[in-house]
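Worksheet: the structure to be examined is printed underneath.
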Amino acid sequence: VRRARAEAVPSGNHRDLGESLRSIRGGEADAVVVLGLDGERVLMLQGADEPYRVVVETMSEGALVVDARDRVVYANPSMRALVGPKGDSVVGTRFDRLFAADSAWLRSQVRGWMSHPGQTDARLGGEAGDGAFVTLSGAPLRTGSFKGTLVIVADITRRRLAERRMESSLAALTAANAELGRMDEAKTNFLATVSHEFRTALFGIQGYSEMLGRRKCPPAAVMQYAGNINDDVRRLGRLISDLLDLARMESGHEQLRTEEVDLSELIAEAAGRAGAGTDRHDFAVSVAAGLPPVPADRDQVARVLANLLANAVKYSPAGGEIAISAGEHPEGVLVEVRDQGMGISPDLIDSVFEPYRRSEAPGTRAIQGTGLGLPIVRHIVELHGGRAWAMSEEGAGSAFRFTLPLRVPAPDTNGVTHKRGQPDAAVRRSDQIER
Amino acid sequence: LSDKTILIVDDDKQVRELIAIYLHEEGFRTMLANDGAEAITAVSKQLPDLVLADVNMPEMNGLELAQRLRSDPQTASIPILMLSALAQSKDVLAGYSNGADEYATKPIELAVLLAKANSLLSRQPGSSP
């Protein structure tokens with residue numbers, strides 16, 4: 001006897017006996033004790049209903065019987081376990097209190113199942129809204145005068161979590177794929193740009209050398225044609241060294257030949273060279289008196305300056321002043337190259353240092369270059385432990401700045417090879433400088 | 001053919017001058033423009049017999065220039081020879097679909113460029129034999 005409850009019925013009272021037997025079938029009583037002349041007889045439900053009761057009591061899904069007023073009249077052990085600590089007190093409560101979903105909606109669903117079967121997904125309330133994800137399958141239940149709904153509650157939490165993991169992996173994959181697509185497109189554009197630069201320079205070389213070879217080439221023109229060929233050959237040379245730099249950058253390993261470098265001397269040289277290539281720009285150099293020498297790779301820093309100045313010239317096609325200044329800074333030495341050109345729009349200002357991402361702003365497609373100059377600048381500066389960034393007002397010019405620390409960056413594993421970005425080392429150095 | 005005028009449009013000064021010197025030596029008159037906008041101004045002053053235009057240029061590129069020339073009845077029949085370092089199929093197709101009669105890619109042998117220019121000029125409806 002599972003419940004210490006039995007009904008005693010005097011034998012011969014057949015009407016009461018019939019009702020008591022129904023109460024066994026309905027689950028209200030487990031046994032009926034019949035008091036007869038020959039003593040007590042215990043009647044228990046062992047007939048047709050018992051196997052179904054065992055199924056319901058032992059199955060892994062939860063089972064609820066809900067009456068017409070939304071009250072739980074029965075919950076099997078699996079259902080009580082699903083509900084958790086309050087599982088043993090669910091009988092008598094309103095069933096929708098067990099769920100996290102909108103109560104009114106859930107009640108109307110379950111009432112509908114009183115007349116025809118149905119299914120829905122829901123979530124148990126749990127202790128803190130963290131209950132199991134479940135599928136509810138309902139069907140009408142009628143026994144005697146009882147009219148209600150049988151609800152089978154299947155725990156689908158594991159399936160749901162797996163689905164969520166799959167969804168988020170899928171989202172991550174989709175994002176990664178889109179990024180790859182963008183990179184692929186950027187590289188395709190880059191190749192087209194490089195090809196354009198090569199073809200343009202080659203046409204100059206081919207055309208002017210053809211002109212030199214013509215019988216009627218006037219002697220006075222020879223110098224000019226040769227000079228033009230030389231310009232294009234240099235252009236090709238820069239292109240090739242940019243490409244080699246890019247390949248080195250992408251390999252992630254590079255060596256610095258560090259020595260004490262006098263920046264004022266390097267800046268003067270760079271300004272002189274850049275000035276020789278343009279007659280529309282004035283170069284104003286101002287270096288703070290007593291600027292200490294920096295430990296740096298002279299050729300690489302010269303390359304940084306050359307790239308920044310070439311950039312300033314290129315992006316101020318109307319000419320104007322290009323101001324180069326250098327002074328002390330909490331992070332070591334700060335160098336700035338400022339132009340009066342077209343400037344950079346705010347949404348592009350960070351991407352100008354990324355390889356293959358040359359500004360797509362109107363007017364810039366026609367400007368020569370592969371877009372490798374600034375990425376190379378940032379790479380070299382970071383290799384030295386410094387920072388490179390840009391400031392700009394669109395239409396009012398740009399300022400490119402970089403810092404170089406006064407101490408050699410802390411060497412990596414083998415002492416000469418440095419990888420990109422050493423934020424810890426940079427912070428340490430700036431602390432030392434401020435002391 | 002020596003009375004023909006060719007408008008050379010290219011933002012690269014050395015390229016522009018190379019073509020100009022060569023065509024001049026071959027007996028043509030030449031006009032020069034740095035980009036599409038300058039070319040439109042030049043054409044409004046004097047109609048050339050042929051436009052030889054680059055594609056990548058500031059202000060107005062070669063494709064837009066071709067469109068503008070085609071849409072104006074005054075200039076619609078002037079042959080356009082595009083000469084660009086953009087050499088992918090899509091660039092060539094863009095050239096023709098915007099109104100080029102011929103699309104040549106840099107680098108090109110000057111004699112070949114001349115042959116293309118002569119071919120376009122001789123097919124002109126109003127050209128003298």
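What you are looking at is a predicted structure, and each value in this text was computed from that prediction instead of being measured.
Here the straight-line distance linking atom CZ of A:F203 with atom CG of B:L18 works out to 5.0 Å at 0.5 Å rounding. Distance check: A:N228 CG to B:Q14 CD gives 3.5 Å after rounding to the nearest 0.5 Å. The distance from the OG1 atom of A:T200 to the CG atom of B:D54 is 7.0 Å, given to the nearest 0.5 Å. To the nearest 0.5 Å, the span separating NE2 on A:H196 from OG on B:S84 amounts to 5.0 Å. Residue A:T193 holds its OG1 atom at 8.5 Å from CG of B:L86, rounded to the nearest 0.5 Å.
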Under 3.5 Å, which donor-acceptor pairs link side chains of residues 272-280 of chain A to any protein atom two or more places apart or in another chain?
residue : atom : partner : partner atom : Å
A:T278  : OG1  : A:R280  : N            : 3.0
A:T278  : OG1  : A:H281  : ND1          : 2.8
A:R280  : NH1  : A:P317  : O            : 3.3

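There is no contact between A:F198 and chain B, counting heavy-atom distances below 4.5 Å. Only the side chain of B:L83 comes within contact range of chain A, with at least one heavy atom under 4.5 Å from a heavy atom of that chain.
Between A:A192 and B:Q88 the shortest heavy-atom distance is CB-OE1, 3.5 Å.
Heavy atoms from other residues, nucleotides or ligands lying under 6.0 Å from CZ of A:R234 number 12 at most. For CZ of B:R70, the number of neighbouring non-hydrogen atoms (other residues, nucleotides, ligands) closer than 6.0 Å is greater than 12.
Between A:Q224 and B:E17, the closest side-chain pair of non-hydrogen atoms falls below 4.5 Å. Inter-residue side-chain proximity for A:M211 and B:E25 is flagged as met; some heavy-atom pair is nearer than 4.5 Å.
Side-chain N or O atoms of A:E210 include one that pairs as donor or acceptor with a backbone N or O of B:L110 at under 3.5 Å.
Classification of B:K13 and A:D231 as a salt-bridged pair fails, no side-chain N sitting under 4.0 Å from a carboxylate O.
Options A:R214, A:R199, A:Q206 differ in how many heavy-atom pairs under 4.5 Å they form with chain B, and the most are formed by A:R199.
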